[in-house]
Amino acid sequence: MESMMKMGDVNHHRIKTNGIWMHVVEKKGQGPFVLLLHGFPETWFSWRHQITHFANHGYHVVAPDLRGYGESDSPLSPSSYTMFHIVGDLIGLLDNFNQQQVFVVGHDWGATAAWHLSLFRPDRVLGIVAISVPFFPRDPTTKPTEFFKSLGDGFYISQYQEAGRAERAFANYDYLTVMKKFLSINNIDLLIAPPGMEFIDYLETPSTLPSWITEEELQVYADMFQKSGFTGGLNYYRAMDLSWELEAPWQGSKITVPAKLIVGDKDIGFESFYKDFIEGDVQKAIVPDIEVVLLDGNHYIQQEKPQQVSDQILSFLKKLAI
């Protein structure tokens, strides 16, 4: 397919890490190591624009399918998807490639994983670029799901908590339609379905695709999820409270590595949920060495505006490499 052809030769590996087999895509430059972490519902393929571009600029690029996705293993229990499991997978990946310190770039849940890798093991991170998701401080008194309950049953994260509920709702559509619904989201408000409606039904099926993605590219995602299912990705949401409990020893800890946050100004919930957080003093207090960049775009901005996002990432990496 055209997108694959543009990427040129990439190497596919399956490595053993933290008790699971993980599928990774690699393209080697001779320079620093860059780890690219995808979000939901995506796979390594979400970095198709960046992999070759970064390698051509001399970077050694690795983009895994995180646990639960694509060709990586998908443990059944939600308790196997805490941030400690995800970070453990990443440390094993770095050890596999004999990399002591790396740059890490993450989008959506991949950004959350990158933040926690930087929190738990700052000795392994040269710098972090988070896309679409800031680092939120841990609320010492309220579990994540308790907070989300205040937004009602229609809030997508609340619907994801019940085992099998979202999977049954997704199954009313073919995999290509599910991917069209997700990757075409252009709602800037928090995603809350009306009472009595499943979230996936609330998402519109576009009559025409956004200009930045093709039917062929969406089919790549659809084929991957047809093999893996969605449960692995949904288990990240179902492990949120357990992660919250286990992260108590890091209460009040700061992200000390150099960081850059890239956010689309039309991202889901940006205006209503976290605009003031990232533009005010709160984020700066917990991530002291952070640069925030606001771009014209939506949630999947590394795919929507690949050149702009790639340029922003490369400028950050080059600055730290000096």
Side-chain angles (χ1 to χ4, degrees), residues 1-7 10-15 17 20-26 36-51 63-78 80-81 85-86 89 107-110 113 156-157 159-185 191 193 198-210 212-239 299-300 302-304:
M1 62 173 291
E2 185 180 356
S3 298
M4 297 291 195
M5 294 295 290
K6 287 180 180 178
M7 289 174 57
V10 296
N11 295 315
H12 292 260
H13 309 286
R14 275 174 64 82
I15 64 171
T17 173
I20 67 165
W21 285 99
M22 173 177 275
H23 169 244
V24 301
V25 171
E26 177 190 29
L36 303 176
L37 307 177
H38 67 81
F40 177 86
E42 298 171 288
T43 65
W44 71 267
F45 187 68
S46 69
W47 299 107
R48 61 195 176 279
H49 301 293
Q50 283 78 30
I51 292 172
D65 284 336
L66 296 176
R67 74 162 54 203
Y69 288 93
E71 296 179 47
S72 293
D73 285 352
S74 298
L76 292 177
S77 173
S80 295
Y81 291 82
H85 290 85
I86 309 307
D89 297 346
H107 169 255
D108 188 79
W109 269 109
Y156 71 104
I157 293 178
Q159 291 197 0
Y160 289 172
Q161 296 307 308
E162 181 185 331
R165 176 178 177 177
E167 290 93 329
R168 290 191 296 272
F170 287 13
N172 290 322
Y173 304 91
D174 61 76
Y175 286 88
L176 181 60
T177 299
V178 172
M179 296 312 304
K180 285 181 179 181
K181 282 173 168 280
F182 271 105
L183 271 72
S184 299
I185 291 173
L191 296 174
E198 293 300 309
F199 169 70
I200 193 68
D201 298 332
Y202 170 64
L203 293 181
E204 294 181 2
T205 303
S207 55
T208 58
L209 293 176
W212 53 268
I213 196 162
T214 67
E215 184 110 358
E216 191 178 31
E217 289 169 327
L218 283 167
Q219 189 64 56
V220 173
Y221 284 119
D223 291 344
M224 291 178 180
F225 280 104
Q226 188 159 10
K227 293 177 182 177
S228 69
F230 291 102
T231 297
L234 292 165
N235 277 342
Y236 284 65
Y237 297 91
R238 293 165 184 162
H299 184 66
Y300 301 98
Q302 86 276 24
Q303 299 179 72
E304 180 189 4

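Hydrogens, waters and symmetry mates play no part in the numbers below; they use all other heavy atoms, side chains included.
- With H38 contributing its side chain and F45 its backbone, the two residues share no donor-acceptor pair below 3.5 Å.
- Sorted by first then second residue, the salt bridge (charged side-chain N to carboxylate O under 4.0 Å, His left out) pairs that include residues 63-74, not counting sequence neighbours, are R14-D73, R67-D89.
- Between G233 and Y69, the shortest heavy-atom distance links the atoms CA-OH, 3.3 Å.
- Minimum heavy-atom separation, W44 to A63: CB-O, 3.5 Å.
- With sequence neighbours excluded, the residues forming a ring pair (Phe, Tyr, Trp, His ring centres under 6.0 Å) with Y156 are Y160, F199, listed by chain and number.
- By the ring pair (Phe, Tyr, Trp, His ring centres under 6.0 Å) test, Y175 is found to be paired with F230, residues two or more places apart in sequence or in another chain being considered.
- K180 meets the salt bridge (charged side-chain N to carboxylate O under 4.0 Å, His left out) test with E215; sequence neighbours excluded.
- Every residue two or more places apart in sequence or in another chain was checked for a side chain to side chain donor-acceptor pair (under 3.5 Å) with N172, and none qualifies.
- Here Y81 pairs with Y236 under the ring pair (Phe, Tyr, Trp, His ring centres under 6.0 Å) rule; sequence neighbours left out.
- Counting only distance, with no hydrogens or angles, the side chain of S184 and the backbone of K181 share no donor-acceptor pair below 3.5 Å.
- The ring of Y237 has its center closer than 6.0 angstrom to the ring center of W109.
- Every side chain to side chain donor-acceptor pair (under 3.5 Å) that T231 has, sequence neighbours left out, goes to E167.
- Counting heavy atoms from C-beta outward, S80 and N235 have side chains that stay 4.5 Å or more apart.
- The salt bridge (charged side-chain N to carboxylate O under 4.0 Å, His left out) check on R165 picks up D153, E198, with sequence neighbours excluded.
- L209 CG to L183 CG: the interatomic distance, rounded to the nearest 0.5 Å, is 9.5 Å.
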- Could you walk me through whether D108 and Y300 pass side chain to side chain donor-acceptor pair (under 3.5 Å), step by step? CA-CA 9 Å; D108 188 79; Y300 301 98; over 6 Å; no
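- Residues passing the side chain to side chain donor-acceptor pair (under 3.5 Å) test with S77, sequence neighbours excluded: S79.
- In this structure T177 satisfies the side chain to side chain donor-acceptor pair (under 3.5 Å) test together with D174, sequence neighbours excluded.
- Within the 4.5 Å cutoff, the side chain of L176 has heavy atoms near those of the L218 side chain.
- Rounding to the nearest 0.5 Å places CG of L66 at 5.5 Å from CE of M22.
- Proximity of E162 to R168: side-chain heavy atoms (C-beta onward) are separated by under 4.5 Å at one or more points.
- Using a 4.5 Å heavy-atom cutoff, the side chains of H299 and H107 are in contact.
- Counting only N and O atoms by type, the side chains of Q303 and E217 include no donor and acceptor under 3.5 Å apart.
- Residues V24 and P64 come closest through the heavy atom pair CG1-CB, 3.6 Å.
- Just one of F225, F170, Y221 meets the ring pair (Phe, Tyr, Trp, His ring centres under 6.0 Å) condition when paired with F182; it is F170.
- Here the NE2-CD distance, from H49 to E304, works out to 10.5 Å after rounding to the nearest 0.5 Å.
- Annotation: salt bridge (charged side-chain N to carboxylate O under 4.0 Å, His left out) contacts of E204 (sequence neighbours excluded): none.
- Looking only at distances, a side-chain donor or acceptor of S72 sits under 3.5 Å from a matching main-chain atom of H23.
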